[in-house]
Amino acid sequence: MLLIDVVRVSEAVTRTSARLGKIGHLAELLGRVGPDEAEIAISYLSGELPQRQVGVGWRTLEDIPQPKLAATATLTAVDELLSRIKAVSGQGSQAARKALVAELFAGLTSQEQQFMRRLLHGELRQGALDGVMIEAVAKASGAPSADVRRALTLRGWLPAVGAAALGGGVEALRGFRLEVGRAVSPMLAGSAPNVAAALEKAGTPAALEWKLDGVRVQAHRSGPSTVTVFTRTLDDITAQVPELVEAVLAMPSDDLVLDGEVIALRPDGRPHPFQVTASRVSSKTGVERLREQTPLSVFFFDALRVDGVDLLDLPYSQRQEALAGAVPPGLLTPRLVTGDVAEAEKFFTDVVRAGHEGLVVKSLASPYAAGRRGAGWIKVKPRHTLDLVVLAAEWGHGRREGKLSNLHLGARDPEGGFVMLGKTFKGLTDELLAWQTERFLELAEGPTDGWTVTLRPELVVEIAFDGVQRSPRYPGGMALRFARVLRYRPDKRVEDADTVDTVRSLML
DNA sequence: TTCCGACAGTGGGGTCGCAAT
DNA sequence: ATTGCGACCCCACTATCGGAA
């Protein structure tokens, strides 16, 4: 199959707003792709590369050759070239990589170049990713989408699942099994504004678990000496977390798949800032030395397999029993089962006081299902707010093209002026975007690089955020975590905005 | 007919590893 | 030694579609 066939379908999907229409276009193509190219087609049309990452980003794509006039590139040829690019990126010079990227793009028409550029950026923007592709695979193969979804949970990679479905239908999908050592797609959580709302969603009684601000881990043990650890995106981090490996090897069962969180704790048991945990987990060199300074702890909250028995389809309450039987009590995430709102709220207050992020409220009945945020797990975190001043704004992309979107936020400096604390684009409705674009252009003043519009600091905006973290980037040495707009405060003057001193006091 | 669950899009701060400067 | 890039940790929120109620 030619790349241009895939590109044309992608363009049709982009033009179609109805989801069923998108699914129709995708399924039509899946119906005519050969078995040897099915994985590539599914991968491209769900916005990812079979190679996952190839070491090519926006900078590398700034300078690419003139396009060809005739579309002759096959999927197989393009895929093969991308694999070579990845191989060179793994161990080789920039020049060699650049030459291969040039070779790839020189073989494409301008239409194909545009598609490949977006695909490499990870910004296909056709309104269809895994969720829509699952339905398309179901439609093209005749298998129920629940079977596609189920196989994806177990296999963790949709192109392989899709290719199997196209070749062998529902029987092939049901052949997928949990395999120790191969990552399972993790179950994700939705969110609720408070404990009472979360309980209502989950149904009572529900389990409340401490939400630790660390890194999600899936630990697989097969046999007496083999442990593999995966992240949420299914990357293998076994070598970076020896403490976890040792903890799992010390367990009596040698056939396990566990879900949990690693976190760096201080000697007094309170958590380090997230940055410390993230640094430890992503450091590959000097791990033995680092673990002495900053040891990692692990807390498990789910079991997908214990002693060779798959547990994914069991209700959460039964998986908990299996977990408690397999894992030492000290490695279990603190939890409370209750239907009482007051008791739940006290538990929430306790966990926040202990320095942790909040709670995850879980339905006792829900099976382990990948993706599907909000199905059975709901997170609750406390929310801070500040009144800050808009210092500048940046033009948006995609559906925000032509709108001033991303705000630069500043706190008032009592000495005079403002200190920037970060940016946000979250929480804005279309109406607010339109309003602020107009208003900002009135306030525009001073230098602009064509991208960022500097404003007279006159507008106060109420910002919600999760916490203040140390920042190597911003002048005050601090930045807001997960900042989002709640509302503008036309009733407040700039002199009423919060000061850097207030923000600094929140960092402790 | 209205409601609501699921999805995609739009970007945020921080850190590491690696190659080039 | 420093800088820039790519990848990946953590992530919140709104608009939209289409099935459920």
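So that the names make sense, note that chain A is the first sequence line, chain B the second, and so on, each numbered from 1. Worth saying up front: this structure is predicted, and the values here are computed from it rather than measured.
Within residues 282-296 of chain A, the residues that have a heavy atom under 4.0 Å from DNA chain B are, in order of number, A:S282, A:S283, A:K284, A:T285.
Among the protein residues, A:V281 comes within range of no part of the nucleic acid, since none of its heavy atoms lies under 4.0 Å from any strand.
Note that CZ of A:R97 is 12.5 Å distant from NZ of A:K86, once rounded to the nearest 0.5 Å. Atom CG of A:N406 sits about 7.0 Å away from atom CZ of A:F425, to the nearest 0.5 Å.
Note on A:W58: every side-chain N or O is 4.0 Å or more away from OP1 and OP2 of C:dC5. Contact check, A:R400 against B:dT10: no side-chain N or O comes under 4.0 Å of OP1 or OP2.
Checked against the 6.0 Å centroid criterion, the rings of A:F301 and A:W210 do not qualify as a close aromatic pair.
Side chain of A:Q94, nearest nucleotide from C:dC13, C:dG6, B:dA20: B:dA20.
Ring geometry for A:W377 against A:Y368 counts as perpendicular: the plane angle is over 60°, on a 0 to 90° scale with 30° as the lower cut.
A:R19 contributes a side-chain N or O that forms a donor-acceptor pair with the base of C:dC17 under 3.5 Å.
A:H408 and A:E394 form a side-chain donor-acceptor contact under 3.5 Å, judged by distance and modelled atom types alone.
A:R399 and A:D430 are joined by a salt bridge, as a carboxylate oxygen and a charged side-chain nitrogen come within less than 4.0 angstrom of each other.
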